[in-house]
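Worth saying up front: this structure is predicted, and the values here are computed from it rather than measured. Only this structure's heavy atoms are used, side chains among them; waters, hydrogens and symmetry mates stay out.
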Amino acid sequence: MAKMGSILVRQRGTDVLPGKNVGMGKDHTLFALKDGEVSLKRTRKMHFDNKVVLKKVMHVLPVA
């Protein structure tokens, strides 16, 4: 359970990408924009040299 404004991940570089209801600071820190459950998924992204890479994406899903 994450509260709005709480830090989810501190990282150097973008190992984990921000998803729904997740913001990223200028030092690549991920933080919650809304209260809810934290979910970590993998998605396929196209790299700059046309390689397909798996990246982790963090979401905060609101609780009803």
Side-chain angles (χ1 to χ4, degrees):
M1 194 72 178
K3 297 208 183 257
M4 184 172 72
S6 63
I7 294 175
L8 303 174
V9 175
R10 286 201 182 268
Q11 58 185 354
R12 298 282 185 197
T14 52
D15 294 329
V16 182
L17 298 175
K20 292 180 183 174
N21 300 322
V22 177
M24 184 165 61
K26 64 181 180 179
D27 61 347
H28 303 283
T29 298
L30 299 182
F31 57 91
L33 296 175
K34 292 188 177 180
D35 295 345
E37 288 285 325
V38 178
S39 169
L40 190 65
K41 296 185 179 187
R42 291 185 183 265
T43 185
R44 295 163 47 114
K45 291 280 192 180
M46 186 69 73
H47 214 229
F48 63 90
D49 56 356
N50 289 336
K51 285 186 183 176
V52 176
V53 293
L54 284 176
K55 294 295 260 182
K56 292 178 253 178
V57 180
M58 186 167 286
H59 303 282
V60 173
L61 306 173
V63 178

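Residues V16 and L40 are in side-chain contact: their nearest non-hydrogen atoms beyond the backbone lie under 4.5 Å apart. Looking at heavy atoms from C-beta onward, K55 lies out of side-chain contact with R42 at the 4.5 angstrom threshold. For the pair V52 and M46, the minimum side-chain heavy-atom distance is below 4.5 Å. Put simply, the side chain of N21 does not reach to within 4.5 Å of the side chain of M4, judged on heavy atoms.
The line from CE of M1 to CG of D35 is 6.0 Å long, rounded to the nearest 0.5 Å. For the atom pair CG (L54) and NZ (K45), the distance works out to 12.0 Å, reported to the nearest 0.5 Å.
Heavy atoms only, all atoms of each residue included: V57 and G19 are closest at CG1-CA, 3.7 Å. Nearest heavy atoms, K3 versus A32: O-CB, 3.5 Å.
No donor-acceptor pair under 3.5 Å is formed between the side chain of H59 and the backbone N or O of S39.
Under the 4.5 Å side-chain heavy-atom criterion for Ile, Leu, Val, Met, Phe, Trp and Tyr, V38 and L30 are members of the same hydrophobic cluster. F31 and M58 fall into different hydrophobic clusters, where Ile, Leu, Val, Met, Phe, Trp and Tyr are joined by side-chain heavy atoms under 4.5 Å apart, directly or via other members. Cluster annotation: L17 is not connected to L8 through the hydrophobic network of ILVMFWY side chains, with a link wherever side-chain heavy atoms come within less than 4.5 Å. Both V22 and V9 belong to a common hydrophobic cluster when Ile, Leu, Val, Met, Phe, Trp and Tyr are linked at side-chain heavy-atom distances under 4.5 angstrom.
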**OP:** Please assess D27 against R10 for the test side-chain contact (heavy atoms from CB on, under 4.5 Å), listing each intermediate value before the final yes or no.
**Re:** CA-CA 8 Å; D27 61 347; R10 286 201 182 268; 4.0 Å; yes

**OP:** I would like to know whether T29 and Q11 meet side-chain contact (heavy atoms from CB on, under 4.5 Å); could you show each step before the answer?
**Re:** CA-CA 6 Å; T29 298; Q11 58 185 354; over 6 Å; no

